Student: 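This is the structure I want to talk about, given as structure tokens.
Predicted, not measured: the structure shown is a model, and the values here were computed from it. Convention: sequence-line order gives letters A, B, ...; per-chain numbering from 1.
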Number of protein chains: 2
Amino acid sequence: MRDATLRDVALLAGVSPRTVSNVVNGYAKVTERTRQKVELAIAELGYRPNVLARNLANGRSGQIAVVVPYLDTPYFAELLQAVIPGARERGYNVLVDQTDGDPRHERDLLRRSGRAFPFDGMIFSPLGLAQEDLPDDPSLPLVVLGERVSNGVFDHVGIDDVAASRTATAHLIGLGRRRVAAIGDQPYPTGEAAQLRTRGYRRAHADAGLPVDESLVIGTPRFNRADGAGAMSRLLDRDDPPDAVFCYSDLVALGALHVALARGLRVPEDIALIGYDDIEDGRYSNPPISTISPDKVAIATTAVDRLLERINSDRPLPGVEVRAGHRLVVRHSTAGRAAPVTN
Amino acid sequence: MRDATLRDVALLAGVSPRTVSNVVNGYAKVTERTRQKVELAIAELGYRPNVLARNLANGRSGQIAVVVPYLDTPYFAELLQAVIPGARERGYNVLVDQTDGDPRHERDLLRRSGRAFPFDGMIFSPLGLAQEDLPDDPSLPLVVLGERVSNGVFDHVGIDDVAASRTATAHLIGLGRRRVAAIGDQPYPTGEAAQLRTRGYRRAHADAGLPVDESLVIGTPRFNRADGAGAMSRLLDRDDPPDAVFCYSDLVALGALHVALARGLRVPEDIALIGYDDIEDGRYSNPPISTISPDKVAIATTAVDRLLERINSDRPLPGVEVRAGHRLVVRHSTAGRAAPVTN
DNA sequence: ATGAAAGCGCTAACAC
DNA sequence: GTGTTAGCGCTTTCAT
């Protein structure tokens, strides 16, 4: 049988659709008596509002989109995990899309968004886009995650990559290491996060009065295990291998660690390793890897907050720049002592 | 300014809304000449169809929901990664929700779905539900993932857990191990996947004419690293520790591995380990862990296919049971030889 | 506090 | 092949 509509309820309860709507949406102005009548009718008919109709009438979908490059990258999975409950609490559904870092797909999403897609706003973590690809006048509320700096029309949430990388590198130097490599650099214009991290790496060297051996800065197309492994192999093939490595993501560090151990090196004795992102894998690797831990919950909740604020604002809001916190987490891959029994 | 509507386009092109709709939706029956007029008008006005209105008129949202217990569990992240492109290819958006394995939330989703939620069907991976919690008469197209067997009204996609577990255990026994532990058992009624794996574990013992030492079957509330680590600790505290462990997920195996190494054991010499799921982490751990590899791509694409078939069918389809393939992947955690240099 | 009625923007049955 | 028009089911302005 046809599903009951609001109209059916109104008929049965002997009131107008208007009143039923008021009851359903919890508007104060309903007599206790009418409310009861209506609620009875609702129960009797098993009525539930049709979201699609409501969306059209409201002109909003009650959905936000979260777009990341890769879902199976733990960092993004963990981020998403934090975004979803926050959105749901506020009554929003979350649409998820992944771009594989494909610039075409990313640009496409940005352009086609608006009425063409059923979401009221978007949290976007771009990878293959240059700064100028981001819209000057986004047709929809937009919060950008990651490295980019806000261009003033959308919000941006991220940590201070330069400072964090400087800290990580300084930690390695502070251990007495003098040949510190960096794995993960990426070229302009798309690899901004990577470039910021390289900048921090250089600063730390400058702070310590140490020169940077440019041949120790290794570029990788992506921040994954395979690339980390490949880069580490090349570093270890050299006559003068590094005694420490700053990896631009934990995944890179995990790949690098795998290779180092496979070659019979001791970590951290022969070579110290530090990663970036603080994903769970890094806590359970052998040895566990030191890392830069961004405050993911803050990033996620801030992003949702900002986005909903934009969605619910009548006039365009200026784009703001939000810095979430981060901290250095020292684990065994940069510690001198022997592995403690943790469990 | 107000966004252009289909009506505006019709006015400008001097045709009826009907014709514009035909053009937009690519219906054949349009003269080349009118099509051009219409397309011109569309371009001029920058018209894009309003999805919300279209949804209401069509009575469908063009969205499917994918519900998993945890997004940051690599197995589910990898699955999702495979589902999304498949759905997108067919013109569907993917709504994602996670339940944290909370039975209330899971039941709720099942009950409130239908018109109350804007999706046309659901791919659902339950965790905290017993068989009888699944609807006898789902109000919407439903495909269930994981351990459960179809009750005849919805489809079910999964691998043969008993066979896979039997293979994994047999592999360990084939190595000459005689004290094979199992980590991950869970009680009735919710832990069906776990129970099937335990059954496979027993079968393998029976096949080999070996008795099962019940004290070597360790239950865990979840399939994560922490639980794996905890269980392994208890096993190693015993006077008669096992010489091999079948872990019900790779995450459990990774946690177990961590503890074993931290205690100075050699893997696989002192204790062999095998996991389940074939997540990427397991390929890069030190040593890499052997595992049961389910055909995730097949699971994902089959699930999407079945679901869309249900969505587009007028009459209710009988629930079918689909078995995806799996295979044993032998890596270093169950191999005798020394670690090869992989990169 | 409640009713009447006009949309929201699209689709599609029904004409011609 | 194209126009006319009546919904889809809800929200909400305007009355009362």
Student: If I take atom CZ in residue R54(A) and atom P in nucleotide dG9(D), what distance separates them, rounded to the nearest angstrom?
Tutor: 14 Å
Student: Tell me: CG of L56(B) to C1' of dG9(C), nearest whole Å?
Tutor: 9 Å
Student: At 4.0 Å (heavy atoms only), tell me whether V15(A) reaches a base, stays on the sugar-phosphate, or touches nothing.
Tutor: sugar-phosphate
Student: Can K37(A) and E39(A) be counted as an ion pair, charged N to O under 4.0 angstrom?
Tutor: no
Student: Under 4.0 Å, heavy atoms only, any strand: does N25(A) hit a base, just the sugar-phosphate, or nothing?
Tutor: sugar-phosphate
Student: Kindly indicate whether the side chain of R7(A) and the base of dG9(D) share any N or O donor-acceptor pair separated by less than 3.5 Å?
Tutor: no
Student: Nearest-Å distance, CG (N50(B)) to P (dG9(D))?
Tutor: 17 Å
Student: Just checking P17(A): base, sugar-phosphate only, or nothing, at a heavy-atom cut-off of under 4.0 Å?
Tutor: nothing
Student: With heavy-atom distances below 4.5 Å as the criterion, would you say the side chains of H156(B) and V322(B) are in contact?
Tutor: no
Student: Over all strands shown, is T19(A) touching base, sugar-phosphate only, or nothing at heavy-atom distances under 4.0 angstrom?
Tutor: sugar-phosphate
Student: Is it the case that R222(A) places NZ or CZ above or below the six-membered ring of Y70(A), under 6.0 angstrom from the centre and within 45 degrees of the axis?
Tutor: yes
Student: Are the side chains of R2(B) and T5(B) in touch, meaning some heavy atoms are under 4.5 Å apart?
Tutor: yes
Student: Quick one: N55(A) CG to dG9(C) C1', roughly how many Å, whole number?
Tutor: 13 Å
Student: Select one nucleotide: of dG7(D), dA12(C), dT2(D), the one nearest the side-chain heavy atoms of A57(B).
Tutor: dG7(D)
Student: OP1 or OP2 of dT2(C) sitting under 4.0 Å from any side-chain N/O of T31(A)?
Tutor: yes
Student: From the options dA12(C), dG3(D), dC10(D), select the nucleotide whose nearest atom is closest to the side chain of Y27(B).
Tutor: dA12(C)
Student: Nearest whole Å is fine: how far is dG3(C) P from L11(A) CG?
Tutor: 11 Å
Student: Quick one: is S21(B) getting a side-chain N or O under 4.0 Å of the dT11(C) phosphate, OP1 or OP2?
Tutor: yes
